[in-house]
Amino acid sequence: MIYIGIDLGTSSVKTLAMDERGRVLHSASREFDVEYPQVGWAEQDPLVWYESTLECLDELLAQLDRTKVKGISFGGQMHGLVILDEYDKPIRNCILWNDGRTAEETNYLNEVIGKDRLAKYTGNIAFAGFTAPKLLWLKKQEPENFHAIKKLMLPKDYLAYMLTSIHSTDYSDASGMLLLDVEHKRYSKEMLQICDITEDIMPKLYESYEVVGVLKPDIENRLGIYNVIVAAGAGDNAAAAIGTGTVGNGQCNISLGTSGTIFITSDSFRMDKNNALHSFAHADGAYHLMGCILSAASCNSWWVEEILGETDFYEQEKDIKRLAHNSVYFLPYLMGERSPHNDPNARGCFIGLNATTTRKDMVQAIYEGVAFALKDSLEIAKNEGVTLTTTKICGGGAKSQVWQDIVANVLNLEVETLVNEEGPALGAAILAAVAAGEQPDLETASKRIAKVAKTIYPDPETVAKYEQKYAIYRQLYPALKDCFSQMSLSD
């Protein structure tokens, strides 16, 4: 049998076909643009996602025996605000996860409603990228659109609706709305009231591996596949964790994608005392802590493509040999920052340049800066009693051997790479297989399918040098925070 995973990312959609043994058969992808109406804003047209997905499915299915396709599921970019009218048409572009326009609304939620109350209602505090602050912004700035809302959705769930006519979401993705009582897995009545919406506009909640419906007849005829179940799917990081075998208590996955995350699983719900990390549901039915930095591999893309005007990423890093021997520091806050600073005004910076600084030094500083930013979240988790020795790694940036080595030594963790690193798309295909009954449960399935290719071990001497560099790195954001705030006033 064949199971399809759809990964709706920020810059592309990817479809992947997996057989019942977990072998990846084929994949297809389509890129699309992000619209930036103002500095710090980010939007996309949901119809572009849908059209791109159908194109991908057409290409994918042309390479498959269509009669063997039995299930479809999703991984998707989180937090985006998709609003539909009475005809289930998008009212406006989706406001994306990395959009920073909601500073005022985020401050209102955290300071007026209060972080303690938010944590009680949802298990989290407000971050600028979350869905609830976007709703408050919409109510104030676009009241006609706000009052036209008949259904509120997340990005991947819009695709699920277009394929099934079912308004659904899963607990892992809904955790990032700031509208869900994560611990008790139900919408927070208090948060719905604060955002002036009613539960009837919210999609029905499912576990990620549950069936939400089947393909609509017109979609069946369009694609030439029939009697195919559709599972709820998961937020991108939860889906990626499934695809890397990060299932069960005390596991870790690091993702170096457009954004960067450190994802730590837990059998029970837990929060850090300062709510610097996200406390979310996991796609396996349990929970996880997650630190999210808004710019990770995208920092390298910006540097190589936009600044250097190059396309060969590996050429830029090939001469990096001596880890931790670099006087340049990089703050990776190109889109503001989420964990742990929660500051949409934060800016990207190179610090420590001198007359001998080379391009190689700049690239190395970017890799190190992203790793240091992830370490910020790891240190918070460690302070809460989390003990880790090993992590999986995935995402476009994880294809770099140099970056793998830097992550291992900065975080002082054994880093495991995967034989088939296909990100959220593979995790989504596994969810579909479990939903269809092909696999007994997620833990069994993900560990059968996610095979470790190699392990990178930290070097004690390099770890010690990076600890010294990290001590300096930690001082940079506090020293510049007021400057960032003043800079934002001139935008």
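In this text, all values refer to a predicted model and were calculated from it rather than measured experimentally.
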Without hydrogens or angle criteria, can the side chains of [X] and [Y] be said to hold a donor-acceptor pair below 3.5 Å?
X	Y	answer
E317	S400	yes
S485	D482	no
Q401	D405	yes
T261	N237	yes
N345	Y333	no
S188	D181	no
Q316	R359	yes
N93	Q44	no
Y466	E368	yes

Hey, are [X] and [Y] close enough for a salt bridge, meaning a charged N less than 4.0 Å from a carboxylate O?
X	Y	answer
K134	D99	no
K189	E199	no
E105	K140	no

Quick one: side chain to side chain donor-acceptor pair (under 3.5 Å) partners of [X], sequence neighbours excluded?
X	result
S298	none
Y121	R117
K451	none

- Task: Please name the residue in the list I456, V452, T455 that meets the side chain to side chain contact (heavy atoms under 4.5 Å, CB included) test with T417.
- Result: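 Result for side chain to side chain contact (heavy atoms under 4.5 Å, CB included) with T417: I456.
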Show the atom names and distances, to 0.1 Å, of all donor-acceptor pairs under 3.5 Å that link a side chain in residues 245-257 to residues at least two apart or in another chain.
| residue | atom | partner | partner atom | Å |
| --- | --- | --- | --- | --- |
| T246 | OG1 | T244 | OG1 | 2.8 |
| N249 | OD1 | D267 | N | 3.0 |
| N253 | OD1 | T244 | OG1 | 3.4 |

- Residue pairs involving residues 330-346 (criterion salt bridge (Lys or Arg N to Asp or Glu O under 4.0 Å); sequence neighbours excluded):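 Residue pairs with at least one partner in residues 330-346: there are none.
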- Query: Considering only heavy atoms from C-beta outward, does the side chain of I351 approach that of L480 to under 4.5 Å?
  - Reply: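 Of all side-chain heavy-atom pairs linking L480 with I351, at least one is under 4.5 Å.
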- Query: Please, which pairs that meet ring pair (Phe, Tyr, Trp, His ring centres under 6.0 Å) have at least one residue in residues 381-403, sequence neighbours excluded?
  - Reply: Y367-W403
